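Counting from 1, the numbers follow the sequence of the chain as shown. It should be emphasised that the depicted structure is a prediction, and the values quoted were computed from it without experimental measurement. Whatever order the structure lists them in is the order used to number ligands and atoms, beginning at 1.
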Amino acid sequence: MQATVINRAPADRVPSELTGKCAIVTGSTSGIGLGIAQGLAEAGMNLVLNGFGEAREIEATRRRLADEHGIEAIYSAADMAKAADIEAMIEAERDAFGNVDVLVNNAGIQHVEAIETFPPAKWDAIIAINLSSAFHATRAVVPGMKQRKWGRIVNIASAHALVASPFKSAYVAAKHGVLGLTKTVALETAEHGITVNAICPGYVLTPLVQKQIPETAKARGITEEQVIRDVLLHAQPTRQFVTTEQIAALTVFLCTGAGASITGAALPVEGGWTAQ
Ligand code: NAD
């Protein structure tokens with residue numbers, strides 16, 4: 001069953017070319033995904049939020065985005081490690097909004113450990129959530145996008161899609177895989193009004209990174225300040241964290257007509273990390 005959604009644009013908002021289109025942002029209860037959801041809502045897009053967290057907090061976020069931006073937002077608790085959940089999330093999107101115009105594959109996890117002791121279960125989980133989920137979601141939305149001759153797929157990869165760091169074998173493998181998937185699907189869809197790109201952020205101070213700071217301080221016997229300066233920001237010549245707003249702004253740009261000729265690209269937003 002498909003529902004027609006009429007956006008309740010606040011009186012003072014100028015409609016954008018994206019107003020009324022619909023986006024799924026996986027892993028949007030936190031960090032970069034939440035920032036992207038916020039950016040797409042500001043552009044007037046209806047949303048499917050997804051990710052784990054406390055039910056009351058997620059509902060408050062859903063309601064805030066809908067009320068502040070005059071959009072419709074629904075929440076899917078789909079586990080990105082499970083193909084059937086991903087299909088159900090896309091069905092829920094179609095039931096609510098009719099079609100999927102924009103897919104942002106963002107959900108991700110991390111585990112830092114040397115290859116000899118890297119737990120196989122962590123490898124499997126990282127490959128499933130950070131890489132295979134993008135495959136399952138992409139294959140499900142492409143037919144509708146082809147039919148409507150318009151679509152945007154934005155994969156949140158990483159600087160680790162371009163270069164490696166030690167102790168992150170699964171993450172680096174998954175992110176390099178995301179970039180390969182991005183390029184391949186971009187070629188397959190290029191004549192259908194669809195763009196597929198990978199944004200490659202450097203370090204963004206989200207819960208995913210915050211969790212690594214005390215662990216790294218303990219492992220290296222240094223202070224948390226030293227971890228930030230000498231480990232994390234050492235990679236980035238700007239010596240600044242990337243912000244969620246910067247990633248969101250690029251995602252919105254890729255969704256506009258101005259971004260229509262950018263496809264199959266790896267777009268670094270990492271303070272010069274991979275220029276070195
Ligand atoms: P985060 O921990 O703040 O957010 C991760 C999101 O993914 C949360 O909403 C979480 O609930 C969701 N998630 C995790 N496992 C899930 C699952 N099985 N099913 C559904 N949702 C799940 O992390 P973040 O830093 O915002 O990371 C978002 C993406 O950006 C990831 O793909 C990450 O690899 C990438 N990235 C992050 C950084 C960084 O420095 N933070 C840098 C480069 C790339």
Side-chain angles (χ1 to χ4, degrees), residues 24-39 47-55 57-58 61-62 75-90 92 103-112 121-122 124-134 136-137 154-165 168 170-179 181-182 198-213 216 227-228 231-233 235-236 238 240-248 250-251 266-271 273-274:
I24 296 178
V25 185
T26 71
S28 46
T29 53
S30 169
I32 294 172
L34 181 53
I36 291 171
Q38 172 90 30
L47 289 175
V48 177
L49 301 172
N50 160 257
F52 299 146
E54 212 256 301
E57 252 177 58
I58 294 172
T61 301
R62 189 201 66 76
Y75 167 68
S76 163
D79 181 346
M80 291 301 109
K82 297 178 180 157
D85 275 27
I86 295 168
E87 276 166 35
M89 174 184 70
I90 288 161
L103 169 67
V104 182
N105 289 307
N106 166 79
I109 58 168
Q110 173 64 289
H111 183 77
V112 181
K122 288 281 183 199
D124 289 345
I126 289 174
I127 297 299
I129 296 165
N130 295 20
L131 173 59
S132 300
S133 70
H136 293 298
V154 181
N155 295 323
I156 304 305
S158 170
H160 285 120
L162 303 165
V163 294
S165 295
K168 296 185 175 178
Y171 188 87
V172 171
K175 294 299 185 180
H176 275 64
V178 165
L179 187 50
L181 176 70
T182 301
I199 296 180
C200 301
Y203 285 109
V204 186
L205 200 51
T206 65
L208 183 138
V209 167
Q210 270 156 345
K211 190 172 156 280
Q212 293 175 48
I213 295 173
T216 308
V227 172
I228 292 171
V231 181
L232 302 182
L233 295 182
Q236 298 182 183
T238 54
Q240 303 284 326
F241 283 107
V242 176
T243 68
T244 58
E245 289 81 4
Q246 290 162 351
I247 306 296
L250 179 54
T251 304
L267 301 163
V269 186
E270 31 64 311
W273 178 340
T274 60

Have a look at ligand 1 and work out which part of [X], if any, has a heavy atom under 4.0 Å from it: side chain, backbone, both or neither.
| X | answer |
| --- | --- |
| Ile32 | both |
| Ile109 | side chain |
| Ala157 | backbone |
| Ala159 | neither |

Geometric N/O contact [X] with ligand 1, under 3.5 angstrom:
| X | answer |
| --- | --- |
| Met80 | yes |
| Gly27 | yes |
| Val204 | yes |
| Thr206 | yes |

Fill in: Non-hydrogen side-chain atoms of Thr61 and Tyr75 separated by less than 4.5 Å
no
Worksheet item: Does the side chain of Val178 come within less than 4.5 Å of Asn105's, by heavy atoms?
Response: no
Fill in: Under 3.5 Å: donor-acceptor pair, side chain of Thr29, backbone of Phe52
yes
Discussion item. Under a 3.5 Å distance rule, please check whether Asn50 uses its side chain to pair with a backbone N or O of Ala78 as donor and acceptor.
Written reply: yes
Discussion item. Rounded at 0.5 Å granularity, tell me how far OG1 in Thr274 sits from NE2 in His160.
Written reply: 11.0 Å
Worksheet, complete the sentence: The atoms of ligand 1 lying under 4.0 Å from a heavy atom of Ser30, numbered in the order shown, are 1 (P), 3 (O), 4 (O), 8 (C), 9 (O)
Practice prompt. Report the member of Ile58, Asp85, Ile156, Asn106 with the shortest heavy-atom distance to atom 31 (C) of ligand 1.
Written response: Asn106
